[in-house]
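Worth saying up front: this structure is predicted, and the values here are computed from it rather than measured. Remember, it's 1-based here, ligands and their atoms both numbered in the order they're listed.
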Amino acid sequence: MEKTIKRIGILTSGGDAPGMNAAVRAVVRTALSCGVECVGIRRGYNGLISGDFIRMDAGSVSHIIEKGGTVLYTARSEEFMTEEGQVKAVATCKLLGLDGVVAIGGDGTFRGALALARHGIPVVGIPATIDNDIGCSQYTIGFDTACNTAVDAIDMLRDTMQSHERCSLVEVMGRQAGYLALYVGIATGATAVLIPERTVDLERDVIEKIRQARLSGRTHYMVVVAEGAGSAFDIAAQIKAGIGLDPRVTVLGHIQRGGSPSSRDRETATRMGYQAVQCLVNGNPNRVIATKDGKVVDIDIEEALTMVKPFPMDRYNVLEAVTSHNH
Ligand code: F6P
């Protein structure tokens, strides 16, 4: 006999991402529409351990769809990685009568959710990270907004680099992934893009591209560097040593994590939040919500954590083909 879902918890964990609030809102509103109560767990898994919660009704999630960050706060929990921490978290779930937990975040969040599942708490994960580097999902909440933020910043940088005929080195986020860098590099017409998925050959990937740009008449250059591919400052120093330019370095940093979520992030997060609640109320728990070919799907959580998605390296060829100095 399937247990009727009466109350669920929801938490955000790991690095925040624009659109998390849209997902929280969708989970709460969908749950209420199914007659299920919602309890917001604050500060990620630390909140489950300490019993840091807030009851959530329809009004709790009004006017948050357009807000970056997470109204539930977030954290990375060392204690939850221990069996003792997990036991405390499960005790909170039982004390609050949580029949399920929706966990919004990245791979680490899903590993935590799996630990809860193994202790008998039904869970569903929702992928949210600006890195877009979750193996089971083609898209993760926050990526589009972060790209737009980086593109706007680089467009502004290009103005001044053009005026001063300078070389700009821009470091973007993406802990160990080049999705942001490659997407933004294509969208801004960068001279060169360095990503961790492609071994950096400075002469081939930067110096020669700048030379070709100069030979084609350009006098300013934009180099986008994924933080996982190296330090923009180190690369700037090598450019200076190699060809005498004096690059200006901009590390975009955490500005890429903020801002009002884009329409794509709001809409995708809403569909994911809806699907997460459907999994729980329809007796289909221990899943991770994902997108596949534009559709929102759900995948067994253990399988999801083993999945690897191929990096779209063919897009690097697109970048090379359309970079003006390659002709
Ligand atoms: O995982 C998202 C991310 O923004 C990465 O791109 C970045 O390297 C990391 O988080 C920064 O972590 P923190 O916010 O803890 O400094």
Side-chain angles (χ1 to χ4, degrees), residues 11-23 42-47 67-81 103-113 125-154 169-185 187 193-198 200 224-235 249-262 264-265 268-269 272 288 290 304-305 307-309 311-312:
L11 63 84
T12 50
S13 168
D16 70 327
M20 276 186 164
N21 281 329
R42 292 186 291 208
R43 300 173 177 86
Y45 292 110
N46 285 338
K67 288 187 171 47
T70 163
V71 295
L72 293 178
Y73 306 98
T74 184
R76 294 185 173 97
S77 176
E78 297 292 326
E79 187 178 4
F80 189 72
M81 293 178 181
I104 304 169
D107 284 326
T109 302
F110 302 159
R111 283 191 290 276
I126 293 178
T129 170
I130 67 166
D131 295 0
N132 199 32
D133 63 343
I134 292 179
C136 69
S137 185
Q138 288 177 351
Y139 186 78
T140 63
I141 296 167
F143 178 67
D144 185 57
T145 306
C147 287
N148 293 339
T149 300
V151 165
D152 289 348
I154 291 171
L169 265 291
V170 182
E171 185 176 301
V172 298
M173 280 188 157
R175 195 187 292 273
Q176 288 302 330
Y179 291 95
L180 261 169
L182 185 51
Y183 192 100
V184 164
V193 175
L194 302 180
I195 55 177
E197 293 84 356
R198 187 171 186 269
V200 174
V224 176
V225 184
E227 61 177 328
S231 153
F233 287 100
D234 293 347
I235 292 158
V249 176
T250 305
V251 177
L252 295 182
H254 285 70
I255 195 174
Q256 298 161 99
R257 287 261 292 274
S260 178
S262 68
R264 179 178 184 184
D265 278 327
T268 304
M272 287 183 164
V288 171
L305 281 167
M307 291 172 73
V308 177
K309 67 183 174 185
F311 186 81

Of all protein heavy atoms, the one nearest atom 9 (C) of ligand 1 is R175 NH2, 3.6 Å

Measure from NZ or CZ of R42 to the centre of the six-membered ring of Y73 and say whether it is under 6.0 Å with the direction within 45° of the ring axis.
no

Here the atoms of ligand 1 under 4.0 Å from any heavy atom belonging to E227 are 5 (C), 6 (O), 7 (C), 8 (O)

side-chain hydrogen bond (donor to acceptor under 3.5 Å, both in side chains) partners for T149, two or more places apart:
none

For M173, atoms of ligand 1 separated by under 4.0 Å from a heavy atom:
4 (O), 6 (O)

Counting non-hydrogen protein atoms only, what is the nearest one to atom 16 (O) of ligand 1? Give residue, atom name and distance.
H254 NE2, 3.2 Å

Look only at the side chain of T250 and the backbone of V170, and say whether a donor-acceptor pair between them is shorter than 3.5 Å.
no

Which of the numbered atoms in ligand 1 are under 4.0 angstrom from any heavy atom belonging to D131?
1 (O), 2 (C), 3 (C), 5 (C), 6 (O)

Taking I141's backbone N and O only, do any of them form a donor-acceptor pair with D265's side chain (distance below 3.5 Å, no angle check)?
no

When you measure from the side chain of T74 to the backbone of G44, do you find a donor-acceptor pair of N or O atoms at a distance under 3.5 Å?
no

Show which atoms of ligand 1 fall inside a sub-4.0 Å distance from at least one heavy-atom site of R257.
3 (C), 4 (O), 9 (C), 10 (O), 11 (C), 12 (O), 13 (P), 14 (O)

When you compare ligand 1 with G174, is there at least one nitrogen or oxygen pair between them that comes in under 3.5 angstrom?
yes

Of all residues at least two apart in sequence or in a different chain, which pass the side-chain contact (heavy atoms from CB on, under 4.5 Å) check with A177?
D133, Y179, E197

Please say whether more than 12 non-hydrogen atoms of neighbouring residues, nucleotides or ligands are located less than 6.0 Å from CZ in F311.
yes

What atoms of ligand 1 come closer than 4.0 angstrom to any heavy atom of R76?
10 (O), 12 (O), 13 (P), 15 (O)

Is Q256 near ligand 1, meaning one of its heavy atoms is under 4.0 Å from it?
no

